[in-house]
Protein chains: 2
Amino acid sequence: MTPQHYRKADRLLVAADCIIFGFDGRELKVLIVKRSFEPEAGRWSLVGGFVDARESVNDAAARILKRLTGLDNIYMEQLHCFGDVNRDPAARVISIAYFALINIADYSRQLNLEHEPHWCSLKNLPDLIFDHGQMVKLAVERLQQKIATHPVGFELLPRKFTLPQLQNLYEAIYQAKLDRRNFSRKILSLGILKKLDEKEKGSSKKGAFLYVFDRKRYEQLSHEGLKFV
Amino acid sequence: MTPQHYRKADRLLVAADCIIFGFDGRELKVLIVKRSFEPEAGRWSLVGGFVDARESVNDAAARILKRLTGLDNIYMEQLHCFGDVNRDPAARVISIAYFALINIADYSRQLNLEHEPHWCSLKNLPDLIFDHGQMVKLAVERLQQKIATHPVGFELLPRKFTLPQLQNLYEAIYQAKLDRRNFSRKILSLGILKKLDEKEKGSSKKGAFLYVFDRKRYEQLSHEGLKFV
DNA sequence: CCAAAAGTGTTTCTATTACACCCATGT
DNA sequence: ACATGGGTGTAATAGAAACACTTTTGG
């Protein structure tokens with residue numbers, strides 16, 4: 001029974017759109033799809049869908065992400081509500097944008113190819129429909145802020161990773177070179193990485209030691225007070 | 001003409017709720033109102049209302065703020081979308097929360113008393129309806145982050161203010177004491193305050209010099225790079 | 001003359017930056 | 001043996017924190 005006062009209020013279509021970031025070891029990538037329905041069918045777009053009356057907006061975003069990637073339990077965070085009247089020329093639709101961080105290797109196993117997904121490097125992103133380009137731009141800014149103070153970079157890497165890999169990730173996200181010595185000192189001084197006895201020999205002859213993120217140790221620390229860069 | 005694919009999607013009620021911060025020289029306050037309709041009529045709530053199909057979500061928030069405070073051109077920023085299914089037990093309503101910063105003195109002239117507005121100090125905030133308590137909590141966190149790097153504190157003060165007043169504001173927002181000498185050195189070193197020849201003598205015998213925020217100077221600087229605390 | 005708040009300078013310590021050499025190994 | 005990328009230490013600098021005395025003036 002809808003209360004009296006709510007009756008005359010308008011009801012709107014509500015979408016959830018996901019900026020899905022991935023990292024291939026070199027570049028930061030965004031997952032885009034070919035839109036399969038009108039308007040703008042055939043053009044590149046973010047993964048999205050409508051929020052159902054019987055699910056929370058967060059759940060909707062997770063459902064949409066899972067539909068495409070087959071992945072559960074992904075790092076995902078609400079970004080912003082895009083609410084301009086004509087952002088979708090076909091109807092009044094507001095969109096809640098989310099950004100997600102996934103490990104490309106995990107993902108590629110579970111890929112749902114139905115929508116022609118494509119990892120696109122940030123630098124040569126095509127024009128996206130509606131305000132999706134703005135969404136990506138804002139998401140990159142938020143990711144830059146986030147990764148400076150929260151341990152989210154690990155979401156983009158395999159469970160075991162090397163310091164050079166981690167540094168490449170930060171460099172890709174900030175589009176800037178970092179000093180190797182300063183970077184490793186700072187990251188290691190946080191005390192949240194466990195060094196393994198194994199080495200990764202993929203990218204050099206000497207090989208680089210593998211590390212894992214020690215979430216327990218992290219939980220014991222200040223949570224908000226860490227500074228990664 | 002709504003496209004085919006949109007037809008079967010659910011339409012939801014969308015609200016905009018505002019966390020309106022004010023500062024009385026001592027404490028950070030939030031503006032709350034007595035809710036005048038069911039459900040939860042008579043209980044304390046944030047200022048809010050439904051988003052209209054023909055206005056952007058941001059415009060809706062500004063309209064709602066204006067209705068209560070009579071004020072235009074207020075500093076306002078989107079906070080977060082609250083989208084749980086049962087956040088409003090009476091109907092499926094998602095809410096886009098905004099926070100606004102206003103100068104209590106300006107405001108009190110224009111006050112719309114219809115809704116029994118009340119400046120409530122953060123420390124003894126009563127229980128609010130729905131998830132409005134959470135909204136306030138999140139807004140305070142965001143304000144703390146924001147004010148550390150952006151010149152938004154001035155929105156909460158009169159146009160002319162003293163350094164002790166500005167420091168009180170920061171102390172109220174962070175709930176922490178700051179060192180007077182370090183604070184004034186740091187703020188002044190940003191070069192975005194113009195010192196006036198007048199003194200404010202309200203709160204001390206000696207009187208404190210008045211300053212104004214020099215927005216032009218600020219615009220010329222890095223914009224994102226400033227650090228206030 | 002004294003209480004109360006404003007103004008100001010120096011020292012210490014910590015964090016950041018800049019920078020160069022040796023190591024391990026596959027070819 | 002050498003090229004490639006990995007690992008590490010130190011010195012200089014900048015920024016943050018800690019700290020105490022003098023000034024003004026209304027009562």
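We name chains A, B, ... by the order of the sequence lines, and we start the count at 1 in each one. Bear in mind that the values here come from a model prediction, so they are computed numbers and not experimental data.
Residues A/H132 and A/W44 keep their aromatic ring centres 6.0 Å or farther apart. Aromatic pair B/F161/B/F154: ring centres closer than 6.0 Å.
Ring pair A/Y170/A/F228 is parallel by interplanar angle, where below 30° counts as parallel and above 60° as perpendicular.
For the 3.5 Å distance criterion, the side chains of B/Q167 and B/E171 qualify, holding a donor opposite an acceptor. Looking only at atom types and distance, the side chain of A/Y218 has no donor-acceptor partner in the side chain of A/Q220 under 3.5 Å away.
Here the options are B/F21, B/W119, B/F23, the test is ring-ring contact (aromatic ring centres under 6.0 Å, His included), and the partner is B/Y107; only B/W119 passes.
Distance A/K177 NZ to D/dG5 P: 11 Å, rounded to the nearest Å. Rounded to whole Å, atom C1' of D/dG5 lies 13 Å from atom CD of A/Q165.
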5' to 3', nucleotides 21-27 of chain D under a 4.0 Å protein heavy-atom cut-off (B base, S sugar-phosphate only, - none) gives --BBBB-
Output one letter per nucleotide in nucleotides 10-18 of chain C: B when a protein non-hydrogen atom lies under 4.0 Å from the base, S when only the sugar-phosphate is that close, - when neither is. B-----SBB
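Contacts of A/T162 with the nucleic acid, taken as non-hydrogen atoms under 4.0 Å apart, are absent.
Here B/E40 pairs with B/R43 in a salt bridge; the nearest charged N to carboxylate O distance falls below 4.0 Å.
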Does the pair B/L46 and B/L31 meet the rule for a side chain to side chain contact (heavy atoms under 4.5 Å, CB included), with working shown? CA-CA 7 Å; B/L46 295 171; B/L31 195 63; over 6 Å; no
